Amino acid sequence: MQAAGTVVRTAQNLAIVRCPGADHPAIGAETLDEQLDAVGRVVDVFGPVDRPYLAVTPAAGRRLATLVGQKLYVR
């Protein structure tokens with residue numbers, strides 16, 4: 001598993017994730033929480049090249065407000 005980053009906030013029904021470094025998951029990658037439950041999929045990568053942000057659309061039934069501060073991962 002690869003660390004995707006930490007959810008820093010929500011905006012427009014998306015979770016905004018700050019990557020720990022320049023390596024980031026590809027658009028369309030499935031994100032998981034620490035219990036390996038599906039959180040959503042990466043729909044955009046933006047921001048600075050050395051530490052970008054990810055926009056993650058939530059999976060069905062996931063509440064975005066509960067994700068803030070959580071670390072996310074990809075397979």
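Not measured: the values here are computed from a predicted model.
Connectivity analysis of hydrophobic side chains (ILVMFWY, heavy atoms under 4.5 Å, direct or indirect) links Tyr73 to Met1, Leu32, Leu36.
Glu30 approaches Ala38 most closely through the heavy-atom pair OE2-CB, 3.3 Å. Contact between Pro52 and Gly21 at its shortest, heavy atoms only, is CD-O, 3.4 Å. Heavy atoms only, all atoms of each residue included: Phe46 and Ile16 are closest at CZ-CG2, 4.0 Å. The nearest pair of heavy atoms linking Val74 to Ala29 is CG1-CB, 4.2 Å. Closest approach of Ala4 and Val17 over heavy atoms only: O-CG1, 3.9 Å.
Side-chain contact between Pro25 and Thr31: absent, with no pair of heavy atoms (C-beta onward) separated by less than 4.5 Å.
Legend: residues meeting side chain to side chain contact (heavy atoms under 4.5 Å, CB included) with Arg18, ordered by chain and number and at least two apart, are Val8, Pro48, Arg51, Tyr53. Partners of Val43 under the side chain to side chain contact (heavy atoms under 4.5 Å, CB included) rule, at least two apart in sequence or in another chain, are Leu14, Ala55, Thr57. In this structure Thr6 satisfies the side chain to side chain contact (heavy atoms under 4.5 Å, CB included) test together with Lys71, sequence neighbours excluded. Listed by chain and number, the residues in a side chain to side chain contact (heavy atoms under 4.5 Å, CB included) with Asp23 are Gln2 (sequence neighbours excluded). Evaluation of the side chain to side chain donor-acceptor pair (under 3.5 Å) rule for Asp33 yields Arg62 as partners, not counting sequence neighbours.
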* To do: Test side chain to side chain contact (heavy atoms under 4.5 Å, CB included) on Val39 and Leu67 and set out the steps.
  => CA-CA 9 Å; Val39 171; Leu67 296 175; 3.6 Å; yes

